[in-house]
Amino acid sequence: MTDYARLRDQMVDRQIAGRGIRDARVLAAMRTVPRECFVREGMEEFAYKDAALPIEQDQTISQPYIVALMLEAAEVQPGARVLEVGAGSGYAAALLSRLADRVFAIERHDALGLLAKERMAALGYANVEIRVGDGTRGLPPEAPFDAILVAAGAPAVPEALRTQLKVGGHLIVPVGGPGRQRLCKITRKSADRYVERDLGAVMFVPLIGEQGWRED
Ligand code: SAM
């Protein structure tokens, strides 16, 4: 076993399962996807730390536990079609690719989108499509989705994302001001009925776009 595989197992045991994540498919995916391939060059030794890490374009790769919490809450089943908004390094999209049939992930920075694409190709995660653009609008040509995960903090739940959920689908989105948000789970119950659950406090970079924060 390589050092990274041992560190990855320790991460899952201590930071993820140890904090109450129980979904066996999420735990298995996290034991498989090499987080060291998604951090900035030179930061590989910190890949399994219990923390978010800086990546290119002044963005972050989220803390592993928060990624696991979002994945479990999204209840992604085999065969699912999933959208991630805020692909960043591509790590969460790579995990989603182990859980779902098809994954679409949108990133607003070209440079990050390109890196994430290269990583998916290198690792052979062929069911992930990385797009560059404003993810607050969702991805209407590919909708509806069984699950939508938003990896940046929104001022309010983007209406476009809500309406691109299938009935029975889940939208996981941090909502609140810069620096501190509440992680919300929104489940579509029917064409026009949604229920919302609060999953706790989180800290994400801002979601910037038409249905997010303004750039300045
Ligand atoms: N999921 C990522 C990972 O696994 O590395 C972490 C993402 S990082 C916390 C949030 C990302 O959201 C940043 O890369 C940022 O550029 C991106 N972002 C912010 N607003 C966006 C938008 N409207 N559309 C797409 N991406 C956006």
Side-chain angles (χ1 to χ4, degrees), residues 11 16 26 29-30 32-41 43-44 46-49 51-71 73-74 76 82-100 103-120 123 125 128-140 142 147-161 164 171-176 178-181 183 202-216:
M11 170 191 81
I16 313 294
V26 171
M30 296 199 79
T32 308
V33 173
R35 195 169 191 260
E36 69 275 13
C37 298
F38 292 86
V39 299
R40 220 173 162 146
E41 218 181 311
M43 298 281 285
E44 292 84 353
F46 306 112
Y48 294 98
K49 280 210 166 298
L53 295 173
I55 59 171
E56 297 78 2
Q57 307 295 316
D58 276 338
Q59 301 301 319
T60 53
I61 174 171
S62 307
Q63 182 190 9
Y65 170 69
I66 296 297
V67 178
L69 182 69
M70 294 176 78
L71 292 174
V76 179
V82 176
L83 175 68
E84 189 201 16
V85 176
S89 69
Y91 178 63
L95 289 164
L96 282 166
S97 80
R98 307 299 83 197
L99 303 172
V103 180
F104 300 89
I106 314 180
E107 171 52 51
R108 67 185 283 270
H109 289 289
D110 295 1
L112 290 177
L114 184 63
L115 270 171
K117 253 184 222 172
E118 287 171 359
R119 289 169 178 152
M120 298 306 160
L123 292 163
Y125 296 157
V128 186
E129 241 181 76
I130 307 283
R131 306 271 180 100
V132 171
D134 176 8
T136 65
R137 300 181 189 145
L139 203 51
E142 305 295 348
I148 302 177
L149 284 80
V150 183
V157 178
E159 200 50 33
L161 299 183
Q164 287 173 40
L171 165 61
I172 313 298
V173 54
V175 178
R180 201 162 177 82
Q181 305 93 22
L183 188 60
V202 286
M203 213 160 72
F204 277 89
V205 297
L207 180 74
I208 294 171
E210 192 180 272
Q211 296 190 31
W213 298 97
R214 283 170 36 162
E215 182 140 33
D216 50 8

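Start at 1 and go down the list; that is how both ligands and their atoms are numbered. Nothing here was measured: the structure is a model prediction, and the numbers come from that model.
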Item to check | Check: R119 side chain, S89 main-chain N or O, donor-acceptor pair, under 3.5 Å | outcome: yes
Item to check | For atom 24 (N) of ligand 1, closest protein heavy-atom neighbour | outcome: G135 N, 2.8 Å
Checklist entry - For E84, is the nearest heavy atom under 4.0 Å from an atom of ligand 1? => result yes
Item to check | E56 (side chain) donor-acceptor with L112 (main chain) under 3.5 angstrom | outcome: no
Checklist outcome for this item: The option among D134, V132, T60, L96 carrying the non-hydrogen atom nearest to atom 6 (C) of ligand 1 is T60
Next on the checklist: Is any side-chain heavy atom of L71 closer than 4.5 Å to one of L149?
Outcome noted: yes
Checklist outcome for this item: Contact region, A52 to ligand 1, non-hydrogen atoms below 4.0 Å, reads neither
Item to check | Sidechain-backbone polar pair: Y91 side chain, V39 backbone, donor-acceptor under 3.5 Å | outcome: no
Checklist entry - What's the shortest heavy-atom distance between A51 and P64, and which atoms? => result O-CD, 3.7 Å
Item to check | atom 21 (C) of ligand 1 - nearest protein heavy atom and its distance | outcome: R108 CD, 3.4 Å
Checklist entry - For atom 4 (O) of ligand 1, what is the nearest protein heavy atom, given as residue, atom name and distance? => result A92 N, 3.1 Å
Checklist entry - What part of H109, side chain from CB on, backbone N/CA/C/O, both or neither, has a heavy atom under 4.0 Å from ligand 1? => result side chain
Checklist entry - Between P158 and V150, is any pair of side-chain heavy atoms under 4.5 Å apart? => result no
Checklist entry - Does the side chain of Q211 come within less than 4.5 Å of L161's, by heavy atoms? => result no
Checklist entry - For I55 and ligand 1, does the shortest N/O to N/O distance drop below 3.5 Å? => result no
Checklist entry - Between E142 and R131, is any pair of side-chain heavy atoms under 4.5 Å apart? => result yes
Checklist entry - At what distance is the nearest protein heavy atom to atom 10 (C) of ligand 1, and which residue and atom is it? => result A151 O, 3.2 Å
Checklist entry - Looking at ligand 1, does any of its N/O atoms fall within less than 3.5 Å of an N/O of I208? => result yes
Checklist entry - Got an N/O contact under 3.5 Å between L112 and ligand 1? => result no
Checklist outcome for this item: atom 12 (O) of ligand 1 has as its nearest protein heavy atom G86 CA, 3.2 Å
Next on the checklist: Do F38 and L53 have side chains that approach each other closer than 4.5 Å (heavy atoms only, starting at C-beta)?
Outcome noted: no
Next on the checklist: So if I count the atoms of ligand 1 from 1 in the order they appear, which ones are less than 4.0 Å from some heavy atom of T136?
Outcome noted: 23 (N)
Item to check | 4.0 Å heavy-atom contact, G133 with ligand 1 | outcome: yes
Checklist entry - Would you say P206 contacts ligand 1, with heavy atoms under 4.0 Å as the rule? => result yes
Item to check | Side chain, backbone, both or neither: the part of Q59 lying under 4.0 Å from ligand 1 by heavy atom | outcome: side chain
Item to check | Interfacing atoms of ligand 1 (cut-off 4.0 Å, heavy-atom, A87) | outcome: 1 (N), 2 (C), 3 (C), 5 (O)
Item to check | Y91: numbered ligand 1 atoms lying under 4.0 Å from its heavy atoms | outcome: 4 (O)
Next on the checklist: Please list, in number order, the atoms of ligand 1 under 4.0 Å from a heavy atom of I61.
Outcome noted: 5 (O)
Checklist entry - So, does E210 use its side chain to make a donor-acceptor pair with the main chain of D134 at under 3.5 Å? => result no
Item to check | Sub-4.0 Å heavy-atom approach of S62 to ligand 1 | outcome: yes
Next on the checklist: Strictly distance-based, threshold 3.5 Å: is any side-chain N or O of Q57 a donor or acceptor partner for the main-chain N or O of D110?
Outcome noted: no
Item to check | Sub-4.0 Å atoms of ligand 1 with respect to non-hydrogen atoms of V205 | outcome: 9 (C), 10 (C)
Checklist entry - Out of G88, A152, S89, A154, who gets a non-hydrogen atom closest to atom 5 (O) of ligand 1? => result S89
Checklist entry - Which residue owns the protein heavy atom closest to atom 17 (C) of ligand 1, what's the atom, and how far is it? => result E107 OE1, 3.3 Å
Next on the checklist: Taking the side chain as everything from C-beta on, heavy atoms only, tell me whether Y125 gets closer than 4.5 Å to V103.
Outcome noted: no
Item to check | Student check: side-chain heavy atoms of Q181 and V202 closer than 4.5 Å | outcome: yes
Item to check | Within-4.5 Å side-chain heavy-atom neighbours: I16 and Y65 | outcome: yes
